[in-house]
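Note: hydrogens, waters and symmetry copies are ignored here, and every other heavy atom, side chains too, is used. Chain identifiers are assigned alphabetically (A, B, ...) following the order of the sequence lines, protein sequences preceding nucleic acid strands; residue numbering begins at 1 within each chain.
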Amino acid sequence: MKNGLNSGVSAKRPQPTLTLRGFELFKTLLDADEQNALVEELRNVIRAAPLFSPMTPYGKPMRVRMTSAGKYGWYSDRSGYRYEPRHPSGVPWPPIPNAVLQLWQTVTGIDRLPDCCLVNFYDADARMGMHQDKDEADFGWPVVSISLGDEGLFRIGNATRGGSTESLWLQSGDVMVMGGDARLTYHGVDKIRAGSSSLLPKGGRINLTLRVVD
DNA sequence: CAGTACCT
DNA sequence: GGCT
């Protein structure tokens, strides 16, 4: 078998619905039951490691509320962006739910499992400015992003700030893989479409981001 | 004064 | 580009 790829068992990897600037989108990869099951798992994660709004290095808290699961959690404060082995409360991050790890395997076909599942919760007014994912040790590993709940307008830019951008709406159950050239491409979330999904009783959007950290 | 996962 |  080719190094890093699955063989045997359920080795069939889905085909991306569409590829935009190297970002591979798997549209509605999760059906309604799978989405609901994932939300249930996330309730447990959030119970163990409550959502918080990290401070940015320049003194304003992020609008998105977040927590993590896995060996590391993404964290930010005045001294910068980094991964931490513990929630700000001092407890270790809870384990990454199995269904999430299986999804990573399905979509990447990579043997190595992610160290971090960042859980981002967007309320109707939350946005995420354009940024690169560059706090990891090895940019050779892909990043996987899972959308749940309300639709979000995702914007894709370039390897450096500025220049033209392209946007697409991400819907509940969509999965995106950012690998290769797209791994360091600037991206962000401009808008949440309130009321566009009934998955979360109180509305909002959850994005799970899976990363190999070290 | 460089950085910039924020804000307008 | 402010602001830190």
Side-chain angles (χ1 to χ4, degrees), chain A residues 20-23 25 42 45-46 49-89 93 96 100 114-139 141-170 174-194 204-214:
Chain A
L20 188 58
R21 299 193 181 193
F23 287 64
L25 176 64
L42 293 175
V45 168
I46 290 168
L51 295 168
F52 60 95
S53 290
M55 192 58 73
T56 57
Y58 35 94
K60 287 183 178 170
M62 294 187 62
R63 186 62 192 262
V64 170
R65 293 193 296 146
M66 59 179 65
T67 188
S68 292
K71 181 181 175 191
Y72 298 111
W74 189 83
Y75 189 72
S76 164
D77 62 15
R78 295 256 51 148
S79 36
Y81 309 133
R82 62 191 179 277
Y83 285 94
E84 290 284 353
R86 289 171 181 277
H87 185 269
S89 67
W93 306 103
I96 301 176
V100 173
D115 301 310
C116 174
C117 173
L118 175 62
V119 181
N120 281 335
F121 177 77
Y122 295 75
D123 65 28
D125 301 314
R127 288 166 288 157
M128 175 85 70
M130 296 288 278
H131 67 278
Q132 289 173 299
D133 288 21
K134 58 175 181 188
D135 305 313
E136 303 76 30
D138 183 350
F139 304 139
W141 301 107
V143 171
V144 171
S145 157
I146 303 163
S147 294
L148 294 168
D150 284 336
E151 296 169 19
L153 184 58
F154 189 77
R155 181 142 64 118
I156 302 173
N158 304 281
T160 56
R161 283 192 187 277
S164 71
T165 64
E166 293 178 272
S167 297
L168 66 149
W169 284 97
L170 295 178
D174 290 355
V175 178
M176 184 109 85
V177 178
M178 316 169 209
D181 289 340
R183 180 62 180 73
L184 287 170
T185 296
Y186 275 86
H187 58 277
V189 175
D190 285 338
K191 195 171 193 178
I192 301 301
R193 194 133 73 188
R205 172 176 187 259
I206 293 173
N207 179 257
L208 305 180
T209 315
L210 306 174
R211 302 187 187 92
V212 173
V213 173
D214 62 7

**Study point:** Ser164(A) and Asn158(A): CA distance, side-chain angles, deciding distance, side-chain hydrogen bond (donor to acceptor under 3.5 Å, both in side chains) verdict
**Key:** CA-CA 8 Å; Ser164(A) 71; Asn158(A) 304 281; 4.6 Å; no

Within the 4.5 Å heavy-atom criterion, are [X] and [Y] side-chain neighbours or not?
| X | Y | result |
| --- | --- | --- |
| Asp115(A) | Asp214(A) | yes |
| Glu136(A) | Arg183(A) | yes |
| Asp133(A) | Arg211(A) | yes |
| Met62(A) | Met128(A) | yes |
| Tyr75(A) | Ser68(A) | no |
| Thr185(A) | Met178(A) | no |

task: Could you tell me whether Asp181(A) and Arg21(A) have a side-chain N and a carboxylate O separated by less than 4.0 Å?
output: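 Salt bridge: no.
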
Nearest-Å distance, [atom1] ([X]) to [atom2] ([N])?
| X | N | atom1 | atom2 | answer |
| --- | --- | --- | --- | --- |
| His131(A) | dC6(B) | NE2 | P | 8 Å |
| Tyr186(A) | dC6(B) | OH | C1' | 15 Å |
| Asn120(A) | dC6(B) | CG | P | 10 Å |
| Asp135(A) | dT4(B) | CG | P | 9 Å |
| Met130(A) | dG3(B) | CE | P | 19 Å |
| Asp125(A) | dC7(B) | CG | P | 11 Å |
| Asp190(A) | dC6(B) | CG | C1' | 14 Å |

Same-atom distance (P) from dC6(B) to dA2(B), integer angstrom =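 Per the computed distance, 22 Å lies between those P atoms.
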
Note, DNA chain B 5' to 3' with Watson-Crick or G-U pairs under 3.5 Å encoded as ( ), [ ], | and . gives .||..||.

Which residues pass the side-chain contact (heavy atoms from CB on, under 4.5 Å) test with Pro142(A), sequence neighbours left out?
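With neighbours one apart ignored, the set is Trp104(A), Thr108(A), Ile110(A), Val177(A).
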
| For Asn207(A), which contact category applies under a 4.0 Å heavy-atom criterion: base, sugar-phosphate, or nothing? |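 Contact class for Asn207(A): none.
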
When we call it a touch if two heavy atoms are under 4.0 Å apart, what does Arg65(A) touch: a base, just sugar-phosphate, or nothing?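 No contact at all - Arg65(A) keeps every heavy atom at 4.0 Å or more from the nucleic acid.
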
Considering only heavy side-chain atoms of Thr56(A), the closest of dT4(B), dC6(B), dT8(B) is dC6(B)

Do any N or O atoms of the protein come closer than 3.5 Å to N or O atoms of nucleotides 2-4 of chain C, and which pairs are they?
from, atom 1, to, atom 2, distance (Å)
dT4(C), O3', Arg78(A), NH2, 2.5

